[in-house]
2 protein chains.
Amino acid sequence: MEANAPMDPLTERQSEILRLIRDLTEVSGFPPTRAEIARSMGFRSVNAAEQHLRALEKKGVLEILAGASRGLRVREPRPAGRLGRLMELPVIGRVAAGSPILAEAHVQARYQLDPNLFTPRADYLLRVRGMSMRDAGILDGDLLAVHRSHEARSGQVVVARLADEVTVKRFRRRGYSVQLLPENPDFEPIELDLRQDSLAIEGIGVGVIRSGKGL
Amino acid sequence: MEANAPMDPLTERQSEILRLIRDLTEVSGFPPTRAEIARSMGFRSVNAAEQHLRALEKKGVLEILAGASRGLRVREPRPAGRLGRLMELPVIGRVAAGSPILAEAHVQARYQLDPNLFTPRADYLLRVRGMSMRDAGILDGDLLAVHRSHEARSGQVVVARLADEVTVKRFRRRGYSVQLLPENPDFEPIELDLRQDSLAIEGIGVGVIRSGKGL
DNA sequence: TTCAGCAGTGGAATTATATCCAGTATCGGC
DNA sequence: GCCGATACTGGATATAATTCCACTGCTGAA
């Protein structure tokens, strides 16, 4: 085996393709062709699919068997134990100041979800309050699927805790300067200097679920 | 579908082939071609494999997808599946003009969801294309949870079919006059008169799921 | 005895598929 | 300003794979 330890992170588009391959394989029983990928993604050129596959192979998450039709194999990291089946995710409501997010008291409900739905894995669902992320399609009352993490990359939606308040914002960082950006012109960005302000990343947003009424 | 209740027993040779298909699929990640089967079995003619596949299909233990390379699916007697009261919802991608939404060809994936998540019950997930419902928090690529229904009330988000095109819009009706309203000022409302225009409601939106990309 | 199912050979037409080539456009880093 | 990476369109081509055809030979049931 070759060493692809660094494992560059996938772009959004690339993980979308990877998930599509997994899903189509699951449904049909065999991997898709380039043309099928292109059709599902809405590409008008099969080559767009081909290029993505090459990129995924280079990053070590996909195997391509030269010459074989549908010769794709997703390299599963096989997380310890359970691969498929269901996960039961807690729905976290209002988070009291000073207490950890996942405190039992905050759990409003538990839903069973298909783990394939989100990448990376969602650990809990946070009920979003307010309209500060409206233009990112995250509305009041929505459930934000959150992957627990203490780090974030610029551009990601994060769950952050500043001085005992938990908030959902888009994260941007340059050196010691961090911005927590709302996606709604009616709200003000939050500017932080890591040398003096405390900031704790609680997780990154990996999905949104909205049910009923708001629609 | 078809009734293959009697299920003729397989011959020695046939179950050997079936086992081979299962094994090769397991190790390589995708089903074998006729040529590969022939080679593994020692046939000098690919047609020998083809004939066996036809026989297996006739006996109901194998599915052959015409035209698709490696289009073989072993009919498993449902290993674990159907757990509790989980529903398995199909994800519907691009809907070809003139074909029913739930045609098997449109299914991109299947996800297990907790039925409590949406009310009323979601029957399928439709992948939304375009930004015409942006201000309702429904973005390009989102999955719209749809409850099948041929009727809608004013104000609901509907999946409608007009002249072979499937679209997601907000529904408004006064007498014979129907409006299909985008939630984005860049798009034009669609005005219909039920006395002359054809309109088919395919379902009403009961939820939204977004995974990854938009975030 | 004829017929249907089983188990193959051999060849060939036609798709399906992978893969290459030449472009366009945007983005962030050096 | 140039470069590599990303994300595509569009067309061409060789080959991988399905599928049809015409055969041979066996066996057991009607």
Side-chain angles (χ1 to χ4, degrees), chain A residues 6-18 20-21 24-25 28-73 153-155 172-175, chain B residues 4 6-18 20-21 24-25 28-73 105 129 140-141 212-213:
Chain A
M7 182 89 88
D8 301 310
L10 304 184
T11 68
E12 280 306 335
R13 211 67 174 138
Q14 286 166 357
S15 38
E16 214 177 325
I17 301 267
L18 192 65
L20 182 70
I21 295 172
L24 286 176
T25 305
S28 64
F30 40 82
T33 65
R34 275 68 164 165
E36 284 165 358
I37 294 173
R39 183 154 39 80
S40 280
M41 296 292 297
F43 301 155
R44 293 198 286 178
S45 167
V46 296
N47 199 38
E50 175 73 17
Q51 297 306 320
H52 277 297
L53 296 182
R54 299 289 176 89
L56 289 169
E57 187 183 38
K58 199 177 303 178
K59 293 188 176 180
V61 295
L62 182 75
E63 257 180 285
I64 302 179
L65 285 87
S69 71
R70 303 177 190 274
L72 307 177
R73 207 179 305 171
R153 292 201 307 276
S154 267
R172 207 163 296 274
R173 173 175 179 176
R174 278 191 303 266
Chain B
N4 29 35
M7 185 90 87
D8 301 309
L10 304 184
T11 68
E12 256 321 305
R13 211 71 174 131
Q14 284 166 1
S15 36
E16 214 176 323
I17 301 269
L18 192 65
L20 180 71
I21 295 172
L24 286 177
T25 304
S28 66
F30 38 84
T33 65
R34 275 69 164 167
E36 285 165 358
I37 294 173
R39 185 152 38 80
S40 282
M41 295 292 296
F43 302 155
R44 291 200 286 177
S45 167
V46 296
N47 200 36
E50 175 73 18
Q51 297 307 317
H52 277 298
L53 296 182
R54 298 292 176 88
L56 289 169
E57 187 184 37
K58 200 176 302 177
K59 292 187 175 179
V61 294
L62 183 75
E63 258 180 285
I64 302 178
L65 285 86
S69 71
R70 304 179 190 273
L72 306 177
R73 206 181 305 171
R129 290 294 162 198
D140 185 66
K213 50 190 164 298

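Proteins get letters first, then strands, A, B, ... in listed order; numbering begins at 1 in each.
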Rounded interatomic separation in angstrom, taking CD from B:Glu57 and P from D:dT18: 13 Å
So, for B:Phe30 and A:Pro31, which heavy atoms are closest and what is the spacing to 0.1 Å? CB-CD, 3.3 Å
What one should report as the nearest heavy-atom pair of B:Ser69 and A:Ser69 is OG-OG, 3.0 Å
Please tell me which of the listed nucleotides, D:dG10, D:dA7, D:dA17, lies nearest to the side chain of A:Ala68? D:dA17
Can you run down the ring pair (Phe, Tyr, Trp, His ring centres under 6.0 Å) pairs that involve residues 36-58 of chain A, sequence neighbours left out, and say none if there aren't any? A:Phe43-A:His52
Interatomic distance, A:Leu10 CG vs D:dA7 C1' [rounded to whole Å]: 15 Å
Holding to salt bridge (Lys or Arg N to Asp or Glu O under 4.0 Å), I want the full list of residues that pass it with B:Glu36, two or more places apart in sequence or in another chain. B:Arg70
Please give, in whole Å, the distance from D:dT18 C1' to B:Leu53 CG? 11 Å
Can you give me the closest heavy-atom contact between B:Gln14 and B:Ala55, atom names plus distance? NE2-CB, 3.4 Å
Rounded to whole angstrom units, what separation is found between the CZ atom of A:Arg70 and the C1' atom of D:dA17? 10 Å
With a 4.0 Å limit, can you tell me whether A:Ser69 has a side-chain N or O closer than that to the phosphate oxygens OP1/OP2 of D:dA17? yes
Just so I know, are the side chains of B:Arg129 and B:Asp140 near enough to count as touching, which here means a heavy-atom distance under 4.5 Å? yes
Check A:Glu16 with A:Arg13, please: is the shortest side-chain N to carboxylate O separation under 4.0 Å? yes
Any A:Lys59 side-chain nitrogen or oxygen under 4.0 Å from OP1 or OP2 of D:dA5: no
Separation of A:Glu16 atom CD from D:dT6 atom P, in whole Å? 16 Å
Quick one: bend of the helix from C:dT1-D:dA30 to C:dC30-D:dG1 from 5 pairs per end, to 10°? 20°
List the atom of B:Thr25, the atom of B:Pro32, and the distance in Å for their closest heavy-atom pair. OG1-CD, 4.0 Å
Can you give the first and last nucleotides of DNA chain C, 5' to 3', that have an atom under 4.0 Å from a heavy atom of chain A? C:dT17 to C:dA22
Sequence neighbours excluded, which residues qualify as side chain to side chain donor-acceptor pair (under 3.5 Å) partners of A:Gln51? A:Asn47
In whole angstrom, give the distance that lies between atom CZ of A:Arg34 and atom C1' of D:dC8. 17 Å
List every contact pair, protein side and nucleotides 22-24 of chain D side both N or O, where the distance is under 3.5 Å.
none

Quick one: is A:Arg44 getting a side-chain N or O under 4.0 Å of the D:dC8 phosphate, OP1 or OP2? no
Nearest atoms (heavy-atom pairs only) where A:Leu53 meets A:Ile64: O-CD1, 3.6 Å
Any base atoms under 4.0 Å from B:Ala55, or only sugar-phosphate, or nothing? Heavy atoms, all strands. nothing
Does a side-chain N or O from A:Arg13 land closer than 4.0 Å to OP1 or OP2 of D:dA7, or not? no
First of A:Ile17 and A:Val46 reached from the 5' end of DNA chain D, by closest nucleotide: A:Ile17
Under the 3.5 angstrom rule, does the side chain of A:Ser15 hit a backbone N or O of A:Glu12 as a donor-acceptor pair? yes
side-chain N/O A:Thr11 vs D:dA5 OP1/OP2, d < 4.0 Å: no
Within the 4.0 Å heavy-atom criterion, would you say B:Ala35 contacts the bases, only the backbone, or no part of the nucleic acid? nothing
Tell me whether A:Arg173 contacts the main-chain N or O of A:Gly175 through its side chain, where contact means a donor paired with an acceptor under 3.5 Å. yes
Of the listed nucleotides D:dC8, D:dT19, D:dG10, the one nearest the side chain of B:Arg54: D:dT19
To the nearest angstrom, how far is B:Ile64 atom CD1 from D:dT18 atom P? 10 Å
Separation of A:Glu50 atom CD from D:dT13 atom C1', in whole Å? 14 Å
Looking only at heavy atoms, the pair that brings B:Ala35 and B:Val46 closest together is CA-CG1, 3.8 Å
